[in-house]
Amino acid sequence: MTPDRPHRRAVPAGRISRLHRLGALTTGISGRLAVDGARSLLRGDPLDLQKLLLTPANARQLADDLARMRGAAMKLGQLISMEAGDVLPPELAQILSRLRAAADPMPPQQLKTVLRDAWGSDWRRAFRRFDTRPIAAASIGQVHRARLRDGRELAIKVQYPGIAESIDSDVANLGALVRLSGLLPKGFDLVPYLDAARVQLRTEADYLQEAREITTYARMLGDTEAFLLPEVLPEWSTRSVLSMSYIPSRPIETLAEASQSERDQAMRRLLALFLDELFRFRTVQTDPNFANFRHCPTTGRIVLLDFGAVRTFEPKLVEAVHSLVAAGMAQNLAAVEAAAETLGILSNTTPAAFRKSFLEIAAMVFSDLRQEVFDFGTSDLLERLRETGRALAAEPIAPPEIPIDLLYLQRKAAGLFLLGTRLRARVAVAELVEPHLGPRGSYGAGGVLSKTTSFKHG
Ligand SMILES: Nc1ncnc2c1ncn2[C@@H]1O[C@H](COP(=O)(O)OP(=O)(O)O)[C@@H](O)[C@H]1O
Ligand SMILES: [Mg+2]
């Protein structure tokens with residue numbers, strides 16, 4: 001899959017030049033790489049990349065290809081961009097984020113074809129209104145607003161045609177693009193990340209699966225005044241069209257303008273939810289993209305969207321994470337180390353420098369979280385973590401492979417942390433964690449954060 005050495009010489013010299021070319025490709029302004037270079041680079045390479053790069057100035061084709069790769073780029077970016085660890089050079093993160101932004105909306109005709117395939121030819125009759133202009137971009141589709149004859153307001157997520165079939169080649173193409181950029185740290189093994197991205201995308205491409213997750217998640221959450229979830233309309237949902245109740249709401253970031261107590265409450269609720277997801281439900285919505293949380297100004301509730309990336313974790317894994325958190329909150333570094341061994345973060349082949357940095361990071365994080373109130377707005381924790389990450393990246397060692405489940409958890413935690421920072425929230429984190437720290441066996445009937453404790457008064 002990796003273009004081999006002799007071919008590499010044909011690539012325009014220098015990272016920057018290669019990067020510019022990729023940049024041009026990803027914005028779709030000029031979809032051509034240096035054709036000869038690309039051709040020799042890719043000679044004998046089984047990927048579709050060649051086809052993609054040589055696409056004639058056919059904007060539509062290119063837009064389609066990029067719109068597809070957008071899903072892959074999102075997933076891969078989500079997996080390998082580690083806020084604190086900074087495994088990736090910023091230039092590469094930039095390529096991924098440009099790919100993410102590249103999608104063009106489906107032309108109305110194509111949209112209509114998808115809807116007719118999903119709903120039959122006379123679907124229009126059941127609707128009073130259907131906005132062909134999307135209200136939002138989704139990772140592998142787009143979201144439309146509509147109103148049924150009976151007055152119900154819907155948000156309808158419509159998948160780009162051909163996505164499900166193209167996932168494997170999209171991920172492979174993206175992997176090739178990333179390697180082509182020459183920006184991967186030496187010794188960094190992209191394969192497990194590509195595999196995970198592929199598996200996750202396949203799940204996310206089945207909107208019926210997402211519909212089931214929404215229903216299950218709503219049941220787990222129970223009656224709550226803190227959160228609001230869309231309701232699925234099964235009769236209008238298929239693998240590629242997900243119909244939900246439309247929830248009027250604003251971006252969660254708009255809360256940054258709200259009062260301190262509103263900001264604190266929102267963040268406290270989201271952190272309490274994460275702890276419940278992890279330790280009570282063992283089922284976590286792992287995509288902390290800010291766009292997946294919204295704020296409903298009339299009710300003050302947080303709107304939870306996007307259940308494509310819901311993952312259920314093995315009890316063993318949750319057990320070990322629990323041990324790690326409990327040890328960390330008790331400032332017991334030896335027990336943190338032991339839990340990290342159980343989790344596969346550390347092993348007897350782990351380079352000493354990595355082990356040392358990991359323990360430093362754990363000590364930093366937990367000693368900060370133990371503060372009576374953690375002030376996201378003034379905390380310099382992220383900066384200190386980045387410094388440690390940078391120092392580690394300068395060491396001549398390849399980052400060890402972290403179990404994918406943990407990457408998802410790490411990503412979710414990092415995303416929430418960033419949101420807390422954006423909202424300048426002040427939260428008694430230790431107080432939220434505390435009830436979860438009893439022996440795991442004590443969970444169950446009593447539930448640590450039952451709906452009456454965590455959400456109603458949260
Ligand atoms: N039920 C809904 N009500 C209102 N807006 C919605 C609803 N579902 C999705 N959206 C809008 O569409 C965007 C993308 O939806 P999402 O499910 O997150 O797609 P993806 O899984 O591709 O990220 C959301 O950020 C939100 O702006
Ligand atoms: Mg989303």
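All heavy atoms count here, side chains included; hydrogens, waters and symmetry mates do not. Order of appearance sets the numbers: ligands from 1, and atoms from 1 within every ligand. Only a predicted model underlies this, so the values are computations on that prediction, with no experimental measurement involved.
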As a check for students: among [options], identify the option with a heavy atom nearest to [atom].
| atom | options | value |
| --- | --- | --- |
| atom 12 (O) of ligand 1 | Pro248, Ala136, Pro134, Gly141 | Ala136 |
| atom 18 (O) of ligand 1 | Ile214, Asn292, Val303 | Asn292 |
| atom 3 (N) of ligand 1 | Leu242, Ile247, Ile140 | Ile247 |
| atom 19 (O) of ligand 1 | Lys157, Glu204, Arg294 | Lys157 |

message: Are the side chains of Met364 and Thr388 in contact, using a 4.5 Å heavy-atom criterion?
response: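 The answer is yes, as the side chains (C-beta and beyond) meet within the 4.5 Å cut-off.
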task: Answer yes or no: does an N/O atom from Ala155 fall short of 3.5 Å to an N/O atom of ligand 1?
output: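 Checking ligand 1 against Ala155, no N or O pair falls under 3.5 Å apart.
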- prompt: Would one find an N or O of Val143, backbone or side chain, under 3.5 Å from an N or O of ligand 1?
  reply: no
Check: [X]/[Y] side-chain N/O donor and acceptor closer than 3.5 Å:
| X | Y | answer |
| --- | --- | --- |
| Gln159 | Arg239 | no |
| Ser166 | Asp170 | yes |
| Gln265 | Arg268 | no |

Residue and atom name of the nearest protein heavy atom (relative to atom 10 (N) of ligand 1), distance in Å to one decimal: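 For atom 10 (N) of ligand 1, the nearest protein heavy atom is Leu305 CD1, 3.8 Å.
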Atom 8 (N) of ligand 1: the protein heavy-atom neighbour that sits closest, reported with distance to 0.1 Å: Met244 CE, 3.5 Å
task: Specify whether an N/O/S atom of Asn289 falls short of 2.8 Å from the Mg ion (ligand 2).
output: no
- request: Taking both backbone and side-chain atoms into account, decide whether Asp287 has an N/O/S atom under 2.8 Å from the Mg ion (ligand 2).
  value: no
task: Return yes when atom CD of Gln260 has more than 12 non-hydrogen atoms of other residues, nucleotides or ligands closer than 6.0 Å, and no otherwise.
output: yes
task: Report yes or no: is the cationic atom of Arg145 (NZ for Lys, CZ for Arg) closer than 6.0 Å to the six-membered ring centre of Tyr246, at no more than 45° off its axis?
output: yes
- prompt: Heavy atom of Ser245 under 4.0 Å from ligand 1?
  reply: yes
message: Taking a cutoff of less than 4.0 Å between a non-hydrogen atom of the residue and any ligand atom, is Ala137 in contact with ligand 1?
response: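 Contact check Ala137 vs ligand 1: positive.
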- request: Could you list which atoms of ligand 1 come closer than 4.0 Å to a heavy atom of Ala291?
  value: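 In order of number, 24 (C), 25 (O).
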- request: Any atoms of ligand 1 less than 4.0 Å from a non-hydrogen atom of Tyr246? List them with their elements.
  value: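 The atoms of ligand 1 under 4.0 Å from a heavy atom of Tyr246 are 3 (N), 4 (C).
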Using heavy atoms and a threshold below 4.0 Å, how should the contact between [X] and ligand 1 be classified: side chain, backbone, both, or neither?
| X | value |
| --- | --- |
| Asp306 | both |
| Ser139 | both |
| Asp287 | neither |
| Pro230 | side chain |

So that I can tick it off, tell me whether [Y] and [X] are bridged by a salt bridge, with the cut-off set at under 4.0 angstrom between side-chain N and carboxylate O.
| X | Y | value |
| --- | --- | --- |
| Asp122 | Arg124 | no |
| Lys412 | Glu277 | yes |
| Asp368 | Arg384 | yes |
| Arg152 | Asp150 | yes |

query: Among Ile247, Ile214, Leu273, which one satisfies side-chain contact (heavy atoms from CB on, under 4.5 Å) with Leu304?
result: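 So the option named by the test is Leu273.
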- prompt: What is the ring orientation for Phe127 with Trp119, classed by angle as parallel under 30°, tilted 30 to 60°, or perpendicular over 60°?
  reply: parallel
Name of the Asp306 atom (N/O/S only) found closest to the Mg ion (ligand 2):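 The atom in question is OD2.
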